[in-house]
**Q** 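The following block contains the structure, expressed as C-alpha cells.
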Amino acid sequence: MKSEGSATTAASWAGQRERSNLPALRAMRWIAVAAGRRATRWLLHPIALYFFFASRGPRRHSRRYLERALGRPPTWHDGYRHVYTFCATVLDRVYLLRGRFDEFAFSASGIEAILEPAGRGEGLLACGAHLGSFEALRSVGHDKGLKVAMIMYEDNARLINETLAAIAPNAELHTIRLGRLDAMLALRRWLDDGGLAGMLADRTLPGHNPQRSKTVVVPFLGAPARFADGPFRLAALLRRRLVFMAGLYRGGNRYELRFAELADFSAAALPEQRDALIGAALARYVATLEALCREAPYNWFNFFDFWNEDGS
C-alpha cells in the first residue's frame, strides 16, 4: 500500500537522520556552550550550505513543498533559507533545553486557549507539528508555571532521549511513551494534575493499531495528503480539550508562539457523534497547519516525500 510505504520512508529517514547526526550534535553543543550563541550562529551558514548541497533527496522534497507553500517555483535562496531555518532552530535547542530562555524574545498569540483551562486546574492536550521549535513552547511552562510533557511513541522517545543526551545532557523533558501498558494511566494522571501534554500530528507511522488510529486523506497545500487521526481519537477517548500549538522561528532570537483551540471533547458523545467531532478536529488541524505553512513557509521541517510523489 502506498500509505504504508510513504510512512515507512518518513519514519526511516527521520530515524537514520537523528542517529547519524548525534556526533555532529555533540560537537555543536560543545561549540555552542563554549563560544555562546552569537558567535556560534556564524557557523550556521557553512553548516546549512553543507546540508543543502549534500542532501539531494531532502533538497528535492523541500523544493516540492516550498512550491506548494509559496505558490510559485522556489529559488535557490528559498531552498537554502529553508535549510538554514532548520539549522537555526537545532542550534537554539541547546540553549532552550538548558533553560536559557532569557536569551530569546518570545511573543504569543492565542495563549488564552491554554492559560484559561490551566487557570481552572484543567489538564489539556496540545497538538503540534514539525513546525518551528517545540523547545520554544517550553518557555510557556517556564514563564507560566505549567507542567509540560511530550507524548510520543516508544521508538521516537528513544531518538529524542539520544538527541537530548547529545545536546543537553542535564535537560529535563518529561515524556509519556505510548505503547507501554501504563501509558494511558500515566497520561490520565498527568492531565488530572492539570498538566499540558503535547504531541505532533503531521506524520503517519506504520504498525499502529487501526482501532486507535486511522490514516485519513485530506487536501493539504493543494494536493491530497495523509494524516493520522490518532491524536484526535486520543483526545476524544480522554474527553479533553485539544489545542493547536506551534513555536515559529522569526529570525535572530525571536520566536512567535501560536495557540488555537481545535476541539473540546469534554462532553460525552455517542460513537457516531464522536467520529464526526474527530473528523472536524482533524480538518481544523490541517487547515491551521496549512495556513501557517503559507505564512511562515520556511518553518515546516518535513524533508521527505510527504505527498508520496515518488510512488514509494
**Q** Run the side-chain contact (heavy atoms from CB on, under 4.5 Å) test against A105 and tell me which residues pass, sequence neighbours left out.
**A** N253, R254
**Q** Does the pair R189/D182 count as a salt bridge with the N-to-O cut at 4.0 Å?
**A**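 Answer for the salt bridge query: no.
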**Q** Rounded to the nearest 0.5 Å, what separates atom CG in L242 from atom CG in L124?
**A**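 Reported to 0.5 Å precision, the distance equals 8.5 Å.
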**Q** Give the minimum heavy-atom separation between Y255 and A136, together with the two atoms involved.
**A** CD2-CB, 3.8 Å
**Q** Determine the interplanar angle of the F52 and Y80 rings, folded into 0 to 90°, and report it as parallel if under 30°, tilted if 30 to 60°, perpendicular if over 60°.
**A** perpendicular
**Q** Can you tell me how far apart CE (M199) and CG (L125) are? Round to the nearest 0.5 Å.
**A**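 Those atoms lie 4.5 Å apart.
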**Q** Would you please say whether a donor-acceptor pair under 3.5 Å links the side chains of T89 and D92?
**A** no
**Q** Kindly compute the distance separating CG (N302) from CZ (F86), expressed to the nearest 0.5 Å.
**A** 10.5 Å
**Q** Output yes when R63 and D78 qualify as a salt bridge under the 4.0 Å nitrogen-oxygen rule, no when they do not.
**A** no
**Q** For the CG atom of L262 and the CZ atom of F244, what is their distance to the nearest 0.5 Å?
**A** 7.5 Å
**Q** Between E295 and R250, is a salt bridge (Lys or Arg N to Asp or Glu O under 4.0 Å) present by the stated rule, with each step listed?
**A** CA-CA 11 Å; E295 177 187 334; R250 293 302 196 182; 2.7 Å; yes
**Q** Taking only residues two or more places apart in sequence or in another chain, which ones pass side-chain contact (heavy atoms from CB on, under 4.5 Å) with S55?
**A** F51, P58
**Q** Counting only heavy atoms from other residues, nucleotides and ligands, does the tally under 6.0 Å from NZ of K144 exceed 12?
**A**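 For K144, atom NZ is not crowded (no more than 12 foreign heavy atoms under 6.0 Å).
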**Q** Below 4.5 Å, heavy atoms only, C-beta onward: do I176 and W190 meet side chain to side chain?
**A**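 When only atoms from C-beta onward are counted, W190 and I176 do touch, with a gap below 4.5 Å.
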**Q** Mind checking the CZ-CD spacing from R284 to E261? Nearest 0.5 Å is all I need.
**A**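 Here the rounded value is 8.5 Å.
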**Q** Dump the intermediate steps for side-chain contact (heavy atoms from CB on, under 4.5 Å) on R241 and I114, then the final yes or no.
**A** CA-CA 9 Å; R241 194 182 304 271; I114 63 170; over 6 Å; no
**Q** Please check if atom CH2 in W76 has more than 12 non-hydrogen atoms from other residues, nucleotides or ligands closer than 6.0 Å.
**A**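 Above 12, so yes.
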**Q** Give a yes or no on whether a salt bridge exists between E309 and R68, defined as a side-chain N under 4.0 angstrom from a carboxylate O.
**A** yes
**Q** Sequence neighbours left out, what passes salt bridge (Lys or Arg N to Asp or Glu O under 4.0 Å) with R56? Give chain and number order.
**A**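 Applying salt bridge (Lys or Arg N to Asp or Glu O under 4.0 Å) to R56 gives none.
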**Q** Heavy atoms only: give me the nearest E256-S109 pair and the separation to one decimal.
**A**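 Looking at all heavy atoms of both residues, the closest pair is OE2-CB, 4.4 Å.
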**Q** Surrounding CZ of R72 (heavy atoms of other residues, nucleotides or ligands, distance under 6.0 Å), is the total greater than 12?
**A** yes
**Q** One thing to verify: whether D229 and R233 come together as a salt bridge, which I'm taking to mean a side-chain N less than 4.0 angstrom from a carboxylate O.
**A** yes
